[in-house]
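As structure tokens, the structure follows; a few thoughts come after it.
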Amino acid sequence: MLRDITIGRYVPGNSALHRLDPRTKLLGALVYSAAVLSCSSFISMSAAGAAAAAAALISKIPVSYIIKGLKPLRWFILFTVIINLFCIDGKILWHLGAVHITYEGVSAAALLALRFIFFVLGTSLLTLTTPPIALTDGLARLLRPLKAVKLPADDIAMIISITLRFIPSFADEAERIMKAQKARGADFGSGSMISRVRSIMPVTIPLFISVFRRADELSLAMDARCYGKGVRNPRKKFFFGRTDAYFSLIMIIFCGFLAIIEFFN
Amino acid sequence: MIEFSNASYSYTSPLGTVQALCGVNARLRRGEITAVIGHTGSGKSTFMDLAAGLAEPERGSVTLDGFDTASQRKKIGVVFQYPEYQLFADTVRDDIAFGPMNFGIKGSELNERIKYSAEITGLDDSLLSRSPFELSGGQKRMAAAAGVLAMKPEILLLDEPAAGLDPSLREQIFSIMRQLLDSNGNMIIAFVTHSMEDAANYADRLILLDHGCVAAYGTPGEVFAKRELLYSCGLDIPAPLKIADGLRSLGDDIGGAITDDEIFLSVKNMLSSI
């Protein structure tokens, strides 16, 4: 269900991944995402998968919880897999009339599915192991050079982290409202397309109202704590320690390894 | 009667599996108002979800007259915590009509039900054509409750119905429950509460939950007599009982008053006998 969404949730802990400097983790997630998106063979993809699995194990977050986070994406992944499966030409493996599945189609679909899965895993691991405030501060620090070109780096960082932070809250809220309307006999997910769209209205309207209410409360709370009335300094000093150095080294080796595989492919 | 027999339920949280209910045996009887009390995280809300048939137990069963509650959802009305957040329609009337219409009720029957539930919740006729978002907090709560009552449920479950309400509306919510039960002795009504006073004043029977298990079951008098158990579950005893205990420690034994009315009478008798 909706509440299984793990993007944006933080799980307190004290693993090596939790202790990393948020900047290292942010850059790591960015590099990892780029690497996963550029993997074009099963060998490099399995290397990326191994890296994600290793990071998940190090984080000490229950594997079942991380995997559950992928559940809401299953229809999306299935849809893209099916499109790819039937729409790519090449060596035909199976056909029924005009419909055919090709060898190229199967491998493209599988690669695409893996790419999505590892991409989401990488980014969820970032938010799962980093408190929202640390994420904001790290982002702000990384964006600081852009202040030279008058970019409001702090505000952008705040916007991004608030967005991430509220994904799970609104997923919870949506689920609560759906439950309440179901108890009043609402039926989601049956009937024609039009009646389905109409059936979702009793959920979207209260959800939007709740979004505005929360936004209002949040802005009030931020005003009350003098947000934007001076220079913001992170509460914790950033510290690029030995773990960060190791992590960066591993990331560099990982990228080099992937580049070599891709090169010889 | 709703019967829990050995019902267990758990859910996954980031810190592992949480056993919300472990082998619960309990009954919600017809013609009674049952209060479910317990500390935060004791499994009260899960208990209500199972009773309402919105979730099914992993082990054991939850049945209404012998049938799984999940198959009896039409008969069960649920007023969730802060039900005003589920209002969505253009007018209060349309919002109240949403539930009955989902169950195929139309025409004069529908109008009759809207009138009935507006009357019982004290919503003025003029309010019915207004947008639910223009109402005051208390009126919103009543409008949302009216939307559930319009389905004429045989079983009414309420999760913290009085949370955040002023004392008069609080009183009103509970007197509506009693009124419903008086007009139809076949109903099952249960509510979750954090307030020991509400449980003492308005319930016929209590279920005390602790860490997903039933720690005590009985009339308010029976359950609140177990002071140590309540304290160990992180709860308190109702204020009247504290007054009675205080008087006893001063040498005036007035018995075990639990409700507001009882303590009032006891103290009055004590004063007149001086």
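Below, read A as the first sequence line, B as the second, and so on, with proteins coming before strands; counting in each chain starts at 1. The structure displayed is predicted, hence computed values, not measured ones.
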Between Val78(B) and Lys179(A), does the side-chain contact (heavy atoms from CB on, under 4.5 Å) criterion hold? Intermediate values first, please. CA-CA 10 Å; Val78(B) 194; Lys179(A) 199 164 85 177; over 6 Å; no

Would you say that more than 12 heavy atoms from the other residues, nucleotides or ligands in this model lie under 6.0 Å from the NE2 of His211(B), or not? no

Heavy-atom cut-off 4.5 Å, strictly under: side chain, backbone, both or neither for Asp95(B) against chain A? both

A quick test of your reading: do over 12 heavy atoms of other residues, nucleotides or ligands sit less than 6.0 Å from CE of Met101(B)? no

Identify which part of Phe103(B) has an atom lying under 4.5 Å from any heavy atom of chain A, answering side chain, backbone, both or neither. side chain

With a 6.0 Å cut-off (strictly less than), is the heavy-atom count around CZ of Phe133(B), excluding the residue itself, greater than 12? yes

With chain A as the partner chain, list the residues of residues 52-74 of chain B whose heavy atoms fall under 4.5 Å from it, by residue number, and write 'none' if nothing qualifies. Leu54(B), Arg73(B)

Please table the atom pairs, donor to acceptor, closer than 3.5 Å between any side-chain atom in residues 205-212 of chain A and protein atoms at least two apart or in another chain.
from, atom 1, to, atom 2, distance (Å)
Ser210(A), OG, Glu173(A), OE2, 3.2

Shortest non-hydrogen separation from Arg184(A) to Asn102(B) and the atoms involved: O-ND2, 3.1 Å

Could you pull out the closest heavy-atom pair between Ala186(A) and Phe98(B), with the gap in Å? CB-CZ, 3.7 Å

CE of Met201(A): more than 12 outside heavy atoms within 6.0 angstrom? no

Does the ring of Tyr82(B) carry Arg176(A) above it, NZ/CZ under 6.0 angstrom from centre and within 45° of its axis? no

